[in-house]
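Quick note on labels: first sequence line is chain A, next is B, and so on, each numbered from 1. Remember, it's a predicted structure, so these values are computed and weren't measured experimentally.
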2 protein chains.
Amino acid sequence: MKKYTIKDIAELAGVSKGTVDRVIHKRGKVSQKALDKVTKILGEIDYQPNPIARNLKNNKVYQIFVVLPDPKEDNFWAPCVEGVNQAVEEFRSFLVDIRLFFYKPTSTASFKEVNKKVLELEPDAVLLSPLFHKESISAVNNYRSAGIVVSTFNSQIVLEEAINYVGLDLYQSGRVAAKLMHTIVPDTHDIVICHFDETLNNAIHMQQKEKGFRDYFSELDGADYTILTLSVDQTNPDLSLVNFLKSQDKAFGFFVTTSKSYNLVEMLQGQRQKNIKVIGYDLLDENIDLLKKDMISFLIHQSPRTQTYLGLTYLIEHFLFNKEMPNKKLLPIGIVNSENLITYL
Amino acid sequence: MKKYTIKDIAELAGVSKGTVDRVIHKRGKVSQKALDKVTKILGEIDYQPNPIARNLKNNKVYQIFVVLPDPKEDNFWAPCVEGVNQAVEEFRSFLVDIRLFFYKPTSTASFKEVNKKVLELEPDAVLLSPLFHKESISAVNNYRSAGIVVSTFNSQIVLEEAINYVGLDLYQSGRVAAKLMHTIVPDTHDIVICHFDETLNNAIHMQQKEKGFRDYFSELDGADYTILTLSVDQTNPDLSLVNFLKSQDKAFGFFVTTSKSYNLVEMLQGQRQKNIKVIGYDLLDENIDLLKKDMISFLIHQSPRTQTYLGLTYLIEHFLFNKEMPNKKLLPIGIVNSENLITYL
DNA sequence: CCAAAAAATGTGCTCGAACACACAAAAAAA
DNA sequence: TTTTTTTGTGTGTTCGAGCACATTTTTTGG
């Protein structure tokens, strides 16, 4: 349990702490004889440099910038800001400077602009929500060539070199929804996958979720579900399919791939159909309300707050304490009903 | 964003750092004039002592001992040990010494003995699983009068002074199970609450869960469920009620309040009754197996691994970085089905 | 009024790692 | 052999907080 210091090693090897330091950091200027002596000791004991002392001398304020959509434009991002604030609070007395940068979730131009600005400010690390796939890859590459550490959250992007990611396995979350649907809805119901979004930003998101959902049912045997896909552009809602559904007296199960379940429920609420089950994503106030009223059966929790909080924590502890960062942290896919809801808030 | 040091304050107030130190730590021996000057500056700026520098001088190896049931006796505790190991790994290079102490979950004598041993070793903190209520209170009091910090996990005990706790709200977890049962089982089914345990250690546990479960249904209107309670002593299983259930051709929903769902399924599997739904606790291998086979509908995850990991993290960061410990950390009540299972492992 | 006691204040060292710099020893050039 | 250069080694300082101890200032009592 003894913790060795550089001084201890120096004494054991019969050299000075400067020499030990040079050996450890491979700074050269060490004779073969001295190198052998120190290497021998290092092999015998388990030397762990004291990360606290190391950082003390460093005495550098690490700048970590968080880039994400403006929660005023889409409330889904509000908990992410809370997660950031929690990290700020928790590391207030440490030498870190965390700043928030918002972009418009509907504008790739805004995304580019904000990333350009952040790049010019030369932070030590960026925690990024890579909403736009192509632009994100280019942004990440820019950061990297400037020697800036990049972590991502909420949606995964694929790059040659691994990139840190904190978030859900979206494909699997689709499967989770499917399993829940299968549990609460018999195959006499038709199942509708709903894509709700202002634009097609979330295209990859939604595709991954749909794929998981459909895969689950196609792997099923002994059950015959009909599964439809419905895309709704919120700004100009094409109600034809919805109207069709309303006209039917059939029972339905809806899987909403975005946080906009409440929109679907709104659209359907004129017609009081009893045999409708809705499964969606995210604990927005509007969704919570409907979950409590049993008009939504389950919500899948993407833990937005935890995503930014954890992402930041990993970065901070990496810089301050030389801790290793997991390069992929997949969060538990939370199934939320009206009763475990409060434990997630 | 500027981080002030004692030296900064000393210069601003026109005194020496020694005087500032005496003011901050209220060590006295300071004139009214100097005190006023320093207090004024302290009021103007936001001084946060650098926790890293503080701890450097301290240079103390903190001993934190974990007391929990032997996982060899009850496999439920194995993930707790993993959580401990994760914390050990993560803080390897810090000045902490974490040790495990096991007691027999069936023996209060063993519990007492282990706690006595730990008390004599005088650690700085103890993370305790307070399985036996009365004995736990006495153990906690002993630790406290010896100036040892105590945190608890997995089950809550009530004391005059608040005690740190990391774990589930068990009452609420009962309600979650009830909501799930209500979602998947119509009121033509009878519902059976099953208490499985070797001894009655878990009495409080199970009572809290049962209360939550029953409360949910009694608050329900427009549905008429019949709810029975079945206690099974595993060492000498009284099968009378089980036999009764088998003889019936009715459909049932079972809520198992312990991790022993697999025992129930075992007992019932002779009679292939289709209309049986089981909801239980904990991701034991046996339960996981049945969850995948759809013979258990949902498992409630108590996050044993996270409980010890978080409990330790709080203690370590409290000692090393003067971070505040939340005195009650209620973890999310995880609803697990066959698809989100892997995200919890 | 002055010495002694008491109170107030400042200085200096420690913790461990990191690195600059000074110095010493060996090797190369004169 | 002497003077440079090169290479190797050790010493000393820094970071910020905390506390022991030395020093200065003020107060008290004879």
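Bracketed by its first and final contacts, the part of DNA chain C lying under 4.0 Å from non-hydrogen atoms of chain A reaches from C/dG16 to C/dC19 in 5' to 3' order.
Between the side chain of B/Ser129 and the backbone N or O of B/Leu68 there is no donor-acceptor pair closer than 3.5 Å. Using a distance-only test at 3.5 Å, with no hydrogens or angles considered, a donor-acceptor pair links the side chain of B/Gln307 to the main chain of B/Gln302. Within the 3.5 Å criterion, the main-chain N or O of A/Val126 finds no donor-acceptor partner in the side chain of A/Ser151. Distance alone, capped at 3.5 Å, places no donor-acceptor pair between the A/Gln63 side chain and the A/Asp124 backbone. Side-chain N or O atoms of B/Thr343 include none that pairs as donor or acceptor with a backbone N or O of A/Pro332 at under 3.5 Å. A donor-acceptor pair is defined here as one N or O able to donate and one able to accept, closer than 3.5 Å; such a pair exists between the side chain of A/Asn141 and the backbone of A/Ile137.
A cation-pi arrangement is present between A/Lys323 and B/Phe91, with the terminal nitrogen or guanidinium carbon under 6.0 Å from the aromatic centre and inside a 45° cone about the axis. In this structure, A/Lys60 is positioned above the aromatic face of A/Tyr62, its NZ or CZ under 6.0 Å from the six-membered ring centre and within 45° of the axis.
Between A/Asn58 and A/Thr19, the residue anchored closer to the 5' end of DNA chain D is A/Thr19, taking for each the nucleotide with the nearest heavy atom.
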Pairs under 3.5 angstrom only: tabulate donor-acceptor contacts from the side chains of residues 7-17 of chain B to other protein residues two or more places apart or in another chain.
residue, atom, partner, partner atom, Å
B/Asp8, OD2, B/Thr5, N, 2.9
B/Asp8, OD2, B/Thr5, OG1, 3.3
B/Ser16, OG, B/Gly18, N, 3.4
B/Ser16, OG, B/Thr19, OG1, 3.4

Which pairs of donor and acceptor atoms, one on a side chain in residues 23-32 of chain A, lie under 3.5 Å apart (sequence neighbours left out)?
residue, atom, partner, partner atom, Å
A/His25, ND1, A/Asp21, O, 3.1
A/His25, ND1, A/Asp21, OD1, 3.2
A/Arg27, NH2, A/Asp21, OD2, 3.1
A/Ser31, OG, A/Ala34, N, 3.2
A/Gln32, NE2, A/Asp36, OD1, 3.2

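In the interface, the side chain of A/Arg22 is paired with the base of D/dG10 through a donor and an acceptor atom under 3.5 Å apart. On a pure distance criterion of 3.5 Å, a polar donor-acceptor pair joins the side chain of B/Lys17 and the base of D/dG18.
In this structure, B/Phe111 has its ring center under 6.0 Å from that of B/Tyr103.
A heavy-atom distance below 4.0 Å to DNA chain C is reached by none of the residues of residues 28-37 of chain A. Annotation: proximity of residues 44-57 of chain B to DNA chain D (heavy atom, distance under 4.0 Å) is found for B/Tyr47, B/Pro49, B/Asn50, B/Ala53, B/Arg54, B/Leu56, B/Lys57, numbered in ascending order.
Using a 4.0 Å cut-off between a side-chain N of Lys or Arg and a carboxylate O of Asp or Glu, A/Glu113 and A/Lys116 do not qualify as a salt bridge. Between A/Glu120 and A/Lys117 there is no salt bridge, since no side-chain N of the basic residue sits under 4.0 Å from a carboxylate O of the acidic one.
For the pair B/Tyr4 OH and D/dA17 P, the interatomic distance rounds to 14 Å; values are reported in whole Å. To the nearest angstrom, P of D/dG18 lies 16 Å from NZ of B/Lys7.
Counting non-hydrogen atoms under 4.0 angstrom, A/Asp21 reaches a base of the nucleic acid.
DNA chain D contains the following stems of three or more consecutive Watson-Crick or G-U pairs, with both distances under 3.5 Å: C:1-27 with D:4-30.
For D/dC19, the OP1/OP2 oxygens have no side-chain nitrogen or oxygen of B/His25 closer than 4.0 Å.
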